[in-house]
J.: 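Structure provided below as structure tokens; questions to follow.
Just so you know, these numbers come straight off a predicted model, no measurement behind them. Counting convention: from 1, in listed order, for ligands and their atoms alike.
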Amino acid sequence: MLDKQLEQALNDQINFEFYSSYLYLNMSAQLAAMNLDGAAHWMRVQAQEEVTHAMKIYDFLIDRDAEVCLQNIETIGEKYNSLVEIYEVTVGHERKVTCRFNDLIDLALEKRDHVTNSLLQWFISEQIEEEANVRTILEKAKMLSSSPDSLYLLDKELGARVASAPIAEKIN
Ligand code: FEO
């Protein structure tokens, strides 16, 4: 039986993952409006990835015979002015996600729930990659976005992103 406090915290994390998806989809729409179609595609894939994160926790709660409690998703109204600004926000957001998983792991260990801890270890490892990827893109955006030719090439590179295999399997 899953501890109630842990169950609530995991439901909150499902909500935060869907919020992350909204955040990135809003960024994708704004990048498309800036005619940065490659970056818009990258963010759209990221938004899809966040949904798979939410569903991974959702499936875990179902498997543990715990209650899934879907909550309202906060409305996203932020406007952005540049590719650099968008990736600055993205880096900050992913750092926040990592902090949340650290806190969740602390709680799982406090409750001596090693099965939940095992799930959360997957997420915390994933965060290393997520943070590194967005940091790299931010640094490239800072270096290249003042020149239209370089920005075009960066946008093209971002447009080549494909969803990773397990995510593609889950979406399709
Ligand atoms: Fe679900 Fe980008 O963390």
Side-chain angles (χ1 to χ4, degrees), residues 2 6-32 36 38-64 66 68-78 80 83-108 113 115-141 154 157-172:
L2 191 63
L6 200 44
E7 180 185 85
Q8 177 64 52
L10 289 170
N11 272 300
D12 290 347
Q13 189 58 32
I14 289 176
N15 181 265
F16 200 77
E17 298 290 343
F18 279 123
Y19 167 78
S20 302
S21 182
Y22 255 40
L23 180 73
Y24 293 142
L25 205 51
N26 176 47
M27 289 175 174
S28 178
Q30 292 191 45
L31 287 162
L36 292 169
H41 165 82
W42 192 100
M43 274 300 169
R44 192 174 172 135
V45 171
Q46 187 66 22
Q48 289 173 331
E49 196 164 308
E50 300 304 345
V51 171
T52 68
H53 292 170
M55 295 309 293
K56 195 174 177 79
I57 303 171
Y58 171 101
D59 286 337
F60 177 80
L61 289 177
I62 301 273
D63 288 348
R64 292 287 302 272
V68 170
C69 183
L70 298 176
Q71 305 161 22
N72 290 340
I73 303 169
E74 196 181 316
T75 309
I76 307 289
E78 285 87 347
Y80 306 102
L83 184 66
V84 169
E85 185 187 2
I86 282 177
Y87 275 94
E88 276 171 349
V89 173
T90 301
V91 167
H93 186 74
E94 288 302 328
R95 285 182 180 148
K96 199 184 293 181
V97 174
T98 302
C99 287
R100 290 180 68 98
F101 278 109
N102 273 321
D103 290 345
L104 279 165
I105 289 169
D106 285 347
L107 183 61
D113 187 334
V115 179
T116 301
N117 179 43
S118 171
L119 170 83
L120 297 171
Q121 291 299 325
W122 181 89
F123 278 100
I124 204 82
S125 300
E126 175 83 358
Q127 279 309 118
I128 296 172
E129 194 185 317
E130 294 242 330
E131 278 196 39
N133 285 343
V134 292
R135 262 199 330 267
T136 301
I137 296 168
L138 173 60
E139 290 313 314
K140 284 186 184 178
L154 177 59
E157 181 186 320
L158 294 173
R161 180 180 184 183
V162 287
S164 57
I167 290 160
E169 272 168 30
K170 285 218 165 193
I171 287 173
N172 297 329

J.: Of all N/O/S atoms in H53, which lies nearest to atom 1 (Fe) of ligand 1?
T.: ND1
J.: Mind checking whether Y19 and H93 have parallel, tilted or perpendicular rings, split at 30° and 60°?
T.: tilted
J.: Is atom 2 (Fe) of ligand 1 less than 2.8 Å from an N/O/S atom of E49, whether that atom is in the backbone or a side chain?
T.: no
J.: Establish, from distance only, whether the side-chain atoms of E78 and Q30 form a donor-acceptor pair under 3.5 Å.
T.: no
J.: Considering just N/O/S atoms, say which atom of E17 is closest to atom 1 (Fe) of ligand 1.
T.: OE1
J.: Scan V97, L104, T98 and name whichever one has a side chain to side chain contact (heavy atoms under 4.5 Å, CB included) with I124.
T.: T98
J.: Is the F123 ring parallel, tilted or perpendicular to the F101 ring (thresholds 30°, 60°)?
T.: parallel
J.: Rounded to the nearest 10 degrees, what's the angle OE2 of E94 makes with OE2 of E50 at atom 2 (Fe) of ligand 1? Could you check?
T.: 100°
J.: Atom 2 (Fe) of ligand 1 is nearest to which N, O or S atom of E130?
T.: OE1
J.: Output, in order, the C-alpha distance, side-chain angles, deciding distance and verdict of ring pair (Phe, Tyr, Trp, His ring centres under 6.0 Å) for F60 and W122.
T.: CA-CA 12 Å; F60 177 80; W122 181 89; over 10 Å; no
